[in-house]
Amino acid sequence: MALADFARALDDAANRRGIVRRRKRGWLPHLIPYMGYGSTRAVKVMARVIMADPRDQAASPNLAFQPGTVHSLATSVVGDFAQKVVDKGAEAQRGWRQFFTTQVGFLPVTVRIGDREIHTRTDRGGYLDLLVEDHGLTPGWHDALLIPAAGAPAKAPVMIVSPYVRRGLVSDIDDTVVVTWMPRIFIAAWNAFVAHTNARQPVPGMAQMYQELLADAPNAPVFYLSSGAWNTYETILMFLQKYNFPIGPLLMTDWGPTPTGLFRNSEAHKKTQLRNLLIMFPNIKWILVGDDGQHDPIIYDDLAREHPSRVRAIALRELNPIEQVLSHGTAEPVETTRTDSDTERHGTPVVRAPDGFALVKKLRAVLHS
């Protein structure tokens, strides 16, 4: 048996024992809805089911959004969910609590959205990632009703993007919107197990940059692409709201062993999600925002080389030498100019600056040229 197979079997066995123990204590499956997204033709509905104490008022809140433009939600993020996230952040809980969960795999779930009702199941990790076609929804925010076979139903917000929208924004999270100041190999562990969930600091000027970029495109979608774990979803969403970043779906991943390895490939995750966005929204040109400390320059460069008509601009936050060392071990940034994919000389403008204030000035010039 390969090491990954052994680790996965061990993880599954521990999780099964956890479900039995928690059921004896009166816990029930608890459905955590994530923000979904889609076009007028198809929509992705996302959620996860874990075991939770029904008496625990700190359990993950139900997402509920009112219809509105994408970034009006930054100030009206809305209802019970927004208030619970703020209240939860005020508790300043340690991040490690988010990772001690017991997922409920293969649980039957009924999904009702628009004109469709679909019967499906969570995967082995408790995740629901469902593509629904011919849903009949109009552009704007809507709710998908998720009804698990055990536990309470929940509403998952979904963002339907108009086919007439021509601009979209994709942003990395660590070192792009959040200051980490930790060696990259320790960031996940630090965020998960040590740092208070309300202690993270924003990169200067990034929230203002995003708001300015979207000021004349009120229906432009915003996506936050990260190789971070879904367990930190509420923490990241709380951070985005607290520092006035435009609200949009988070595209995250899962920790733990996979069918092909002990850990998930972060580059493959980001490349897959970016290509999914190109397919879902064929009329949108994207502004891609990241940092030059790890893989973002190469991932964005590859996408622009392969689909030059679909990438409007690339903006890279330049890390200082100390941040570069913490990110990948050397004081030099990741190389982005390569002979086979020099996007700067082949139609896709690339701008670099140390913060959002300087980046937006450069972006203004290239976007209005």
State whether the side chain of Ser226 and the backbone N or O of Gly228 hold a donor-acceptor pair below 3.5 Å, judged by distance alone. yes
Can you list the steps and then say if Leu28 with His30 is a side chain to side chain contact (heavy atoms under 4.5 Å, CB included)? CA-CA 6 Å; Leu28 295 173; His30 174 70; over 6 Å; no
Do you know which two heavy atoms are closest between Pro202 and Val179, and how far apart they sit? O-CG2, 3.6 Å
Min side-chain heavy-atom separation Pro29-Ile50 under 4.5 Å: no
Check: Tyr164 main-chain N/O paired with Arg166 side-chain donor or acceptor under 3.5 Å: yes
Does any part of the side chain of Met35, heavy atoms only, come nearer than 4.5 Å to the side chain of Tyr233, both counted from C-beta? yes
Distance check, rounded to the nearest 0.5 Å: Met206 atom CE versus Asp355 atom CG? 8.5 Å
Just how far is it from atom CG of Leu107 to atom OG1 of Thr120, taken to the nearest 0.5 Å? 10.5 Å
Going hydrophobic residue to hydrophobic residue with side-chain gaps under 4.5 angstrom, can you get from Leu359 over to Leu367? yes
Ring geometry between Trp230 and Tyr127 (parallel below 30°, tilted from 30 to 60°, perpendicular above 60°): tilted
Does any non-hydrogen side-chain atom of Phe106 lie less than 4.5 Å from one of Arg124? yes
Just say parallel, tilted or perpendicular for the rings of Tyr224 and Phe245, cut-offs at 30° and 60°. perpendicular
Establish whether Val165 and Ile247 are linked, either directly or via other cluster members, by ILVMFWY side-chain heavy-atom contacts under 4.5 Å. yes
Hey, are Arg112 and Glu117 close enough for a salt bridge, meaning a charged N less than 4.0 Å from a carboxylate O? yes
Check the pair Asp296, Lys270 against side chain to side chain contact (heavy atoms under 4.5 Å, CB included), reporting the backbone distance first and the verdict last. CA-CA 9 Å; Asp296 291 345; Lys270 287 190 172 184; 2.9 Å; yes
Would you please test Val203 and Val178 for side chain to side chain contact (heavy atoms under 4.5 Å, CB included) and show each step? CA-CA 5 Å; Val203 173; Val178 182; 5.9 Å; no
Might you point out which heavy atoms bring Pro153 and Leu145 nearest each other, and give the distance in Å? CB-CD1, 4.3 Å
Do you see a donor-acceptor pair shorter than 3.5 Å between the side chains of Ser227 and His269? no
Checking Arg317 side chain against Asp175 main chain: does a donor-acceptor pair fall under 3.5 Å? yes
Roughly how far apart are Lys362 NZ and Leu316 CG, rounded to 0.5 Å? 10.5 Å
For a side chain to side chain contact (heavy atoms under 4.5 Å, CB included) check, start with the C-alpha distance between Tyr243 and Gln201, then their side-chain angles and the critical distance, and finish with the verdict. CA-CA 9 Å; Tyr243 292 105; Gln201 296 299 314; 3.9 Å; yes
With heavy-atom distances below 4.5 Å as the criterion, would you say the side chains of Ile236 and Leu250 are in contact? yes
Which atom names give the shortest non-hydrogen contact between Met280 and Pro282, and what distance separates them? O-CD, 3.3 Å
Starting at OG of Ser162, measure out to CZ of Phe281 and round the result to the nearest 0.5 Å. 10.5 Å
Closer than 3.5 angstrom, by distance alone: can the side chain of His368 be matched with the main-chain N or O of Arg364 as a donor-acceptor pair? yes
Is the closest basic N to carboxylate O distance between Lys44 and Asp129 below 4.0 Å? yes
For residues Ile160 and Thr40, determine if any side-chain heavy atom of one lies less than 4.5 Å from a side-chain heavy atom of the other. yes
Do the side chain of Tyr300 and the main chain of Val289 share a donor and acceptor less than 3.5 angstrom apart? yes
Using the rule that Ile, Leu, Val, Met, Phe, Trp and Tyr join whenever any side-chain heavy atoms are under 4.5 Å apart, tell me whether Leu131 and Phe223 fall into a single cluster. yes
Which value, rounded to the nearest 0.5 Å, describes the distance between Leu128 atom CG and Ile32 atom CD1? 12.5 Å
Is a donor on one side and an acceptor on the other found under 3.5 Å between the side chain of Arg21 and the backbone of Arg16? no
Between Gln211 and Asn244, is there a donor-acceptor pair closer than 3.5 Å when you use the side chain of the first and the backbone of the second? yes
dist Arg167:CZ -> Ile284:CD1 (nearest 0.5 Å) comes out at 11.0 Å
How far apart are the closest heavy atoms of Pro157 and Asp143, and which atoms are they? CA-OD1, 3.9 Å
Where do Arg312 and Val366 come nearest, in terms of heavy atoms and distance? NH2-O, 3.1 Å
So, Arg275 and Glu306, do they make that salt bridge, N to O below 4.0 Å? yes
How close do Pro108 and Arg121 get, heavy atom to heavy atom, and via which atoms? CG-NH1, 3.5 Å
Is there side-chain contact between Thr101 and Arg48, with at least one heavy-atom pair below 4.5 Å? yes
Presence of salt bridge, Arg22 and Asp53, under 4.0 angstrom: no
Is there a donor-acceptor pair under 3.5 Å between the side chain of Ser171 and the backbone N or O of Gly290? no
Measure from the side-chain N and O atoms of Asp292 to the backbone N and O of Leu319, and report whether any donor-acceptor pair falls under 3.5 Å. yes
State, yes or no, whether a side-chain contact exists between Tyr37 and Leu277 at a heavy-atom distance under 4.5 Å. yes
Test item: side-chain donor near acceptor, Thr176 and Asp291, under 3.5 Å: yes
So, do Ile299 and Leu274 sit near enough that their side-chain heavy atoms are less than 4.5 Å apart? yes
Taking Leu278's backbone N and O only, do any of them form a donor-acceptor pair with Arg310's side chain (distance below 3.5 Å, no angle check)? yes
